[in-house]
Structures are given as C-alpha cells and as structure tokens.
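So the structure is just underneath, and the comments pick up after that.
Numbering starts at 1 and runs along the sequence shown. Values below: all heavy atoms of this structure, side chains included; hydrogens, waters and symmetry mates excluded. All values reported here derive from a predicted model rather than from experimental measurement.
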Amino acid sequence: MENTIGKVWFITGAGRGMGLEIAKAALAVGHKVVAAGRDVNRVSEAVGKSENALAVKLDVTKSSDAELAVKLALEKFGVIDVLVNNAGNFYAGFFEELSMEQIQNQINTNLFGQMIVTRAVLPQMRKQHAGHIISISSTAGLVGGYDYCTAYAASKFAVEGWMDTLRVEIAPFGIKTTVVNPGFFRTGLLEPGSTIWPENSIKDYAERNTQLRPYWESMNGKQGGDPTKLAKALVTVADQPEPPLRWFAGADAIAEGERRISELQSQINPYRELSSSLAI
C-alpha cells in the first residue's frame, strides 16, 4: 500500500529557489527529503539540520553523481517515493547568437539531466511497484513563442514529449507522473548564476538586444509568482491519490495554456477538410 504521509522526496536543485522551497514544504508536512545539489554544503545549510533531511551532492548531467546520490538516499531512508526533477538553468538569447555548445549545454541540463536522475531512480520505484515522478517544465515548454527562449523552450518541449510517453511505459509498475508548467515565479532562474547569455554577437540583432536584455534582467526578483506558495501547492498536488498528469502553476500559466488550446484549434479548422482528405 502506498504511503500518503511520511513519503521520501528526492528533489534536485534543492540548494535555492523553487527546489529549496519544495524541500521545506515537504518537510513541513512530515515528509522526508533528500535534497540534492551541486554544492552539498550549500544545500545542507539551506535546508537545515533534521533527522528527516539528507543533503547529497548531485550534478544532474553526471550519471555517476546520480547513482551515488540515489544509493545514499536508499541507505538513509530505504525508499524513494517522489522524485522532483527541478534542477535547471536558462540560456537566454537569440538562436543565432547562442553557440551550439551553449544550446547543447541547455539541453544537457534541462532534458538529459532529468533523464539521468530518473534513470537512476526508476529501478527502485519498479522494485517498490510505486512512485511518483514530477518534472518541472515551464510555460515556455508548452507554448513557446518568446524572444530569447529558443534553447530553453527546446529543452522544455523535449521534457514534455519524454514525460508524456514515459508515463505509458512505467504505469504498469504503479509509477505515476506529473509535468508542472509554472508561469513567472520569483525563483533564482533569472539570477546571474542561472541565466547564461550568448557567446556571439550579430549586428542584425543589436537593436532588439538593447531592448530585450535589459527587460529580462529587470524581471529578476519582480516575477509575480510566490515560490513558497507554489511549493506548498505542489506538495498538496503530489499527495492526491491520483495526481494530475499535468499541473499548471499560476494564473498566468493557465492563461497561456488556454491561449495555446485556442491557437491550435484555429490552426486546425481552416484546413480541416484538406487535412482529412489524405487517406489512401
């Protein structure tokens, strides 16, 4: 039988921002938390000392880190009930100005990082015949169409496709999945340590850059969403007997989701007859 109280949560990117808030919210209601991050001392200090908390070192792009972190979590708590794939960063800039190395780094962290950690956790969840994988996506992973977000949206759209398909493969093992689409929240994503700017400069983009970059930089610390409220709400969502396959976090996320539904319908309707006439 699956626990609803005192589950073990494994949270990546838990040293600050949304990951830290999720760790605190889970601990506050009686869950146990494995808080993972690249700087284990920073994570430990941020989460605080507790018998119900374990800080582990984890660079999500390294399989060896993920495997060791999972091993330490199981030695401490015996199970992993909930995995929260939260760690991520933001390579902000026009597609042509971002180098291919930067784009690959974006996908390595935001997509492959989630895959690497999930791959390390899944054998235990299959053994338990229970578990819940929560992947933090973005509104940009569902809607797109934002300047400076080509690399970021590509990585998050990929997370969506992977998770939507993975859920079918692991459902027979009693493992549930949830994709979270947050709107703009006051996390560390736009802070200098998490936002990386292009390596290249192309004259044709210069004028737009003088407007867009200051706008994105000015958004840091002014986003409308409260990450503490998001974290508490996510714990509530995860504790449901049947958690949703997708959860929109924030009124702005709902608005963008509804806009996308309308947009898709408007693209289908004008060509419905032509599109439907293609059978052999």
Side-chain angles (χ1 to χ4, degrees), residues 9-14 17-19 22 36-38 58-63 65-66 69-70 80 82-92 95 98 102-122 125 131-146 148-171 175-185 187-190 194-196 225 227 230-231 234 237-238 243-250 252-254 256-257 260-261 264:
W9 286 52
F10 188 109
I11 304 165
T12 69
M18 191 185 300
I22 295 169
R38 287 179 296 176
L58 175 59
D59 177 340
V60 297
T61 65
K62 296 180 179 179
S63 295
D65 272 20
V70 168
I80 296 173
V82 181
L83 166 63
V84 182
N85 284 313
N86 165 74
N89 54 18
F90 178 30
Y91 281 77
F95 172 71
L98 290 166
Q102 287 184 306
I103 292 169
Q104 288 166 346
N105 287 341
Q106 177 75 99
I107 292 171
N108 280 341
T109 298
N110 289 3
L111 172 64
F112 293 138
Q114 293 204 18
M115 289 181 165
I116 285 168
V117 178
T118 300
R119 186 180 290 273
V121 170
L122 271 175
M125 288 189 172
H132 186 189
I133 298 170
I134 299 172
S135 281
I136 306 298
S137 178
S138 170
T139 304
L142 188 68
V143 179
Y146 306 117
Y148 275 18
C149 289
T150 44
Y152 183 74
S155 69
K156 293 299 190 177
F157 264 85
V159 166
E160 303 266 341
W162 165 59
M163 284 290 287
D164 279 349
T165 308
L166 177 67
R167 67 179 177 83
V168 178
E169 298 179 354
I170 62 179
I175 304 169
K176 300 176 174 65
T177 67
T178 298
V179 172
V180 180
N181 294 103
F184 275 102
F185 278 82
T187 66
L189 188 65
L190 295 180
S194 294
T195 298
I196 301 96
L230 184 155
L234 180 59
V237 167
L245 297 175
R246 181 183 302 281
W247 180 54
F248 289 88
D252 55 342
I254 292 174
E256 286 294 84
R260 182 60 171 163
I261 292 167
L264 287 172

Where the side chain of [X] meets the backbone of [Y], is there a donor-acceptor pair that is under 3.5 Å apart?
X	Y	answer
T12	N85	no
E256	T139	no
T109	G88	no
N110	N89	yes
K156	I136	yes

Measure the spacing between [atom1] of [X] and [atom2] of [Y] and express it to the nearest 0.5 Å.
X	Y	atom1	atom2	answer
F112	T118	CZ	OG1	13.0 Å
L83	S135	CG	OG	7.0 Å
Y91	L98	OH	CG	9.5 Å

Locate the shortest heavy-atom distance separating [X] from [Y]; write the atom from each residue and the value.
X	Y	result
F90	Y148	CE1-O, 3.7 Å
V237	P244	CG1-CD, 3.5 Å
D59	R38	CA-CG, 3.9 Å
L111	S155	CB-O, 4.2 Å

Criterion side-chain contact (heavy atoms from CB on, under 4.5 Å) against I133, the qualifying member of M163, K176, Q114
M163
Please determine which of L234, T178, I134, I22 meets the side-chain contact (heavy atoms from CB on, under 4.5 Å) test together with V82.
I134
One pair to check against side chain to side chain contact (heavy atoms under 4.5 Å, CB included): I196 and Q106. What are the steps and the verdict?
CA-CA 9 Å; I196 301 96; Q106 177 75 99; over 6 Å; no
Test side chain to side chain contact (heavy atoms under 4.5 Å, CB included) on F10 and L58 and set out the steps.
CA-CA 11 Å; F10 188 109; L58 175 59; 4.0 Å; yes
Does any non-hydrogen side-chain atom of L122 lie less than 4.5 Å from one of I175?
yes
